[in-house]
Number of protein chains: 2
Amino acid sequence: MAVTMNDVARAAGVSLKTVSNVINNYEFIRPATKQKVLEAIAELGYEANLTARSLRSGKTNMLGLVLSDLSVPYYAELASDIMKAASNRGYRVLVEQSANQAEHERAALQGQFRNLTDGLFFIPLALGGDDIIAAAGKKPLVLLGEFVEDPRLDMVLIQNQDAAAAVTAHLLGSGRRRIAVLGANDGDTTGSNGLRLIGYRHALKANGVEYDPALVIPCGWRRDGGAEAVSRLLASGVEFDAVFGLNDVVALGALHELLVRGYSVPDDVAVAGFDDIDEARFASPSLTTVSPGRTEIAQRAVDLLIDRVEGKGERADVEQPRAEYALRIRQSAP
Amino acid sequence: MAVTMNDVARAAGVSLKTVSNVINNYEFIRPATKQKVLEAIAELGYEANLTARSLRSGKTNMLGLVLSDLSVPYYAELASDIMKAASNRGYRVLVEQSANQAEHERAALQGQFRNLTDGLFFIPLALGGDDIIAAAGKKPLVLLGEFVEDPRLDMVLIQNQDAAAAVTAHLLGSGRRRIAVLGANDGDTTGSNGLRLIGYRHALKANGVEYDPALVIPCGWRRDGGAEAVSRLLASGVEFDAVFGLNDVVALGALHELLVRGYSVPDDVAVAGFDDIDEARFASPSLTTVSPGRTEIAQRAVDLLIDRVEGKGERADVEQPRAEYALRIRQSAP
DNA sequence: CCTCCAATCTGCAACGATGTATTCAACGCA
DNA sequence: TGCGTTGAATACATCGTTGCAGATTGGAGG
């Protein structure tokens, strides 16, 4: 059916192996021979069979990316950045949605998905560090700094704590004193939610404001979660003058609910988020948030994973680069 | 390294081919034999090597999805739906971003990307029908009804024209008479932009409102495109009492710009979009828009492509199912 | 002129599965 | 008893590459 190396070899009058050598840029090939082969390739429109190559070489040149759902803007944007960065280094990315289910995450760590790829980017949401270490195979794995932080695993870290503190400090700086936190449980200390909550508490303490657990509202990390959390907060009668959504969609859901109910943002209530998704800039009012350095995260993760895959240096030390964050002050909390 | 069929065969005391037969559910296998093999598989933790299987069988069980950029919410949501539907039928989806470049699109249609997949979903933005037919190989291809509509190609259609007419009619019904259209050029007749513009004109005509080319503002199909289009529209001095963004992000960008400039929506200007992305429901004010039936599109596209791949029926007739649209009336244009 | 080495090219096996054809045993039936 | 038929398992070739070892060629050096 398709043109194979054999066809090219015959057309160029050389051996199959020489064609292979030309394609793989083997050093010792006479320019004239190379020329002949390249011409035959062009003429026949030959394209290497990647499946055969993978079988023989054991490399697929694909990287896996496990995330909960592409319809979540932050993940979609991150995936886009990762795919671009990987493409620049000659790799494709195969995305797998875990739907936030431990079973799906585990399956992606070890099953067929793993075999299809040379290495894995993983945004764990349901599994913890121990689970991951237990389930993961031997191929390179890079976590993306969302929920799990574990010293035994390669990962790109988000400065969850410091960034959350910066947002909180900004709200405090504008005179807010009753800042509700949406998306965490009082007492959380691990995961993005826990770390961001800690950052929030640190900032309160540093500014001499007392921590009130009644202001910490757990909710799903989606728009409707944020909206519903605001409803509960209002129903509870607890006073507040600012809302810090632990990610942007929660903050945007909250913002929407506040406006629907006739509150003025930022006059009555200031709103801030975390992630700096594209949408934040165009919300009305535009959303104050913190950028975790998405593009940098993607680039560092890709470089780290591909270096592992290609075994450059072979050093076994865990690497955990940390991306720079940046506060984005907009209308919702000037 | 990894466990192969051979290892399983040895452990079970049968031939390699028998193991293969068990795995492929070959009909004539004694239950006792099957049992032995399955036990050996479980014990050794054998997993089939998909690369080898692909090489031999010529099938990869992967489908390609070519779109411009995952950071565009509509595409991310569609990709998510497609991946879920494909997964239900045992296929994975490999996404390729074309960045809206003809060269990238062409490459995805014929190059290595094509070889990696059994069939392709394609959302063309830069290429036209002729280009696609010229570039596409022999493997199944299903277009997703955005820009190109071509009777020679399998595709799932969006009811661009009727849905746009429905939005326009709704705006007219609420008393608006000067409806600006963002995202098309006066005279466009092809592509989503053209078809939606035609729908708009039909609705105007049906309601006895004259078409004014000055109200048609071309712009990039992104948030900042919509925002900037509103700026141009205002600068032009042309009067308008409603804005119809030809997709949701354009409409949301426009909405943002209007609010920033102190206009009241919907009192001064009504705003409507097209796509019904998740964000539309939570915008402030929430966005009136039309749902093109994203989940249905994904499901139909997956069914169509997989049926083609698996050659069920082998009928050569082009198929072009049409998804149902639905108007979503919200605050921005009640 | 012969040896030796580097540059260049080639042949064969192998990656791990599946398709085809074949073998072998057991069974029913004349 | 002998023969055809069917169920069950196997042997071998094959998919299109790349790794490895070996063959060939053309000077440089003695």
Side-chain angles (χ1 to χ4, degrees), chain A residues 1-38 40-41 44-62 90 111-112 114-118 139 310-311, chain B residues 1-41 44-62 111-112 114-118 139 310-311:
Chain A
M1 207 73 206
V3 182
T4 78
M5 257 186 189
N6 228 320
D7 302 326
V8 174
R10 211 167 313 136
V14 298
S15 81
L16 183 158
K17 190 67 233 264
T18 297
V19 177
S20 169
N21 285 337
V22 168
I23 287 173
N24 293 289
N25 282 314
Y26 178 61
E27 190 178 2
F28 302 114
I29 296 184
R30 229 180 323 215
T33 309
K34 188 166 187 170
Q35 174 83 2
K36 264 193 309 185
V37 171
L38 291 177
I41 288 177
L44 298 179
Y46 167 77
E47 271 175 347
N49 180 320
L50 298 185
T51 307
R53 178 179 290 171
S54 292
L55 174 59
R56 184 63 241 239
S57 69
K59 269 201 63 179
T60 62
N61 270 276
M62 290 208 288
Q112 293 294 21
R114 207 70 206 283
N115 298 335
L116 280 171
T117 53
D118 296 333
K139 289 188 186 176
E310 299 181 348
Chain B
M1 208 69 210
V3 182
T4 79
M5 257 187 190
N6 231 318
D7 302 325
V8 175
R10 211 168 312 136
V14 298
S15 80
L16 185 156
K17 188 69 230 260
T18 297
V19 178
S20 168
N21 284 339
V22 168
I23 287 175
N24 293 289
N25 283 313
Y26 179 60
E27 191 178 0
F28 302 116
I29 297 185
R30 227 179 325 222
T33 311
K34 188 167 186 170
Q35 174 84 2
K36 266 193 304 182
V37 171
L38 291 177
E39 276 169 10
I41 287 176
L44 298 179
Y46 168 77
E47 270 174 347
N49 180 319
L50 298 185
T51 307
R53 179 178 289 171
S54 292
L55 174 59
R56 186 63 245 236
S57 70
K59 268 201 65 180
T60 62
N61 271 277
M62 291 208 287
Q112 293 294 24
R114 207 70 207 281
N115 298 334
L116 280 171
T117 54
D118 296 334
K139 289 190 186 174
E310 299 181 347

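Chain naming here is simple, since letters A, B, ... match the order of the sequence lines and numbering starts at 1 in each.
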State whether [X] places a side-chain N or O below 4.0 Å from either non-bridging phosphate oxygen (OP1 or OP2) of [N].
X	N	result
B:Arg53	C:dT18	yes
A:Arg30	C:dA7	no
B:Thr18	D:dT10	yes
B:Tyr26	D:dT10	no

Grab the [atom1]-[atom2] distance between [X] and [N] for me, whole Å please.
X	N	atom1	atom2	value
B:Leu50	C:dA17	CG	P	9 Å
B:Met5	D:dC15	CE	C1'	15 Å
A:Glu27	C:dC9	CD	C1'	15 Å
A:Gln112	C:dG16	CD	P	14 Å
B:Asn6	D:dC12	CG	C1'	14 Å
A:Ile23	C:dC9	CD1	P	15 Å
A:Lys36	C:dT8	NZ	P	14 Å
B:Glu47	C:dA17	CD	P	11 Å

With a 4.5 Å heavy-atom cut-off, do [X] and [Y] have their side chains touching?
X	Y	answer
B:Val19	B:Val14	yes
A:Arg53	B:Thr51	no
B:Val8	B:Val3	yes

Of the options [options], whose atoms approach the side-chain atoms of [X] most closely?
X	options	answer
B:Val14	C:dC15, D:dA9, D:dT10	D:dT10
A:Phe28	D:dT17, C:dA7, C:dT18	C:dA7
B:Arg56	D:dT14, D:dT17, D:dA9	D:dT14

Is there a donor and acceptor pair closer than 3.5 Å between the side chain of A:Lys17 and the base of D:dG22?
no
What's [X] touching, base or sugar-phosphate or nothing? Going by heavy atoms closer than 4.0 Å.
X	answer
A:Ser20	base
B:Leu55	base
B:Leu16	base

Does B:Ala52 or B:Asn21 map to a spot on DNA chain D nearer the 5' end, using the closest nucleotide for each?
B:Asn21
Starting from the 5' end of DNA chain D, give me the residue, A:Thr51 or B:Thr33, whose nearest nucleotide shows up first.
B:Thr33
B:Tyr46 and B:Thr4: which non-hydrogen atoms are nearest, and at how many Å?
CE1-C, 3.5 Å
Over all atoms of both residues, closest heavy-atom pair of A:Met62 and B:Met62
CE-CE, 3.8 Å
Is B:Thr60 reaching over with its side chain to a backbone N or O of B:Leu116, donor-acceptor style, under 3.5 angstrom?
yes
